[in-house]
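See structure below.
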Amino acid sequence: MDNEKLIHAIERYERSWLLFALVMIVVFLIFIGYTLTGFAFYVPSAAERIDPTTVRNEGSLFANPRVEKTGDNVYTAYVLAQAFTFLPNEIRVPKGAKVVFYVTSPDVQHGFHIRGTNVNVQVIPGEVGKVEHTFNEAGEYLVICNEYCGLGHQDMIGKIIVEDK
Ligand SMILES: [Cu+2]
């Protein structure tokens, strides 16, 4: 094959490749849209702004990190992710409970990832991150900080205990 023919062959092949890649991307987008409607995925959102320097003070939502029952089988957790622990360090909810997490940081950026679930929030000082999850299986869930936050990062873990009713 001379050079001219080879170039045309490459171009033809490249065109099919581009078309195939485009079709695949569209298929991915359709599947992403489908998961948002059909699987109760909750994308973390920034619920509000908060002053990280006073977040632990009296009167702040996070002065007393806690989980409280806020409805029929609904629990609200106010979580402080700080160097190098989560407060409260242990959250207990019954099986089947929907938990609304509000998470913020008084110092640097942290991660809030609940192992075995798709809860994965970037915790940014100054912002309150909000995410929801329904725990349909009893057991112990590990909470992991997956955003580098300093020398104690690798030990920054918490626990969620889902109790069988
Ligand atoms: Cu951390």
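What you see below is based on every heavy atom in this structure, not just the backbone, and it leaves out hydrogens, waters and symmetry mates. Counting starts at 1 for both ligands and their atoms, following the listed order. We're numbering straight along the sequence, starting at 1.
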Considering only N, O or S atoms of His110, the one closest to the Cu ion (ligand 1)
ND1
With the Cu ion (ligand 1) at the centre, find the angle made by SG from Cys145 and SG from Cys149, to 10°.
120°
Atom CZ of Arg56 and atom OG1 of Thr104: how far apart are they, to the nearest 0.5 Å?
11.0 Å
Using the ring of each side chain (for Trp, its six-membered ring), is Phe135 parallel, tilted or perpendicular to His133, with breaks at 30° and 60°?
perpendicular
Under a 3.5 Å threshold, yes or no: a donor from one side chain and an acceptor from the other, between Asp51 and Thr53?
yes
Quick check: does Met156 put an N/O/S atom under 2.8 Å from the Cu ion (ligand 1)?
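Looking at Met156, which is the residue asked about, there is an N, O or S atom under 2.8 Å from the Cu ion (ligand 1).
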Backbone or side-chain N/O/S of His153 under 2.8 Å of the Cu ion (ligand 1)
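Checking the Cu ion (ligand 1) against His153, no N, O or S atom falls under 2.8 Å.
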Looking at every non-hydrogen atom in both residues, tell me the closest pair between Phe84 and His153 and how far apart they are.
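Closest heavy-atom pair between Phe84 and His153: CD2-N, 3.7 Å.
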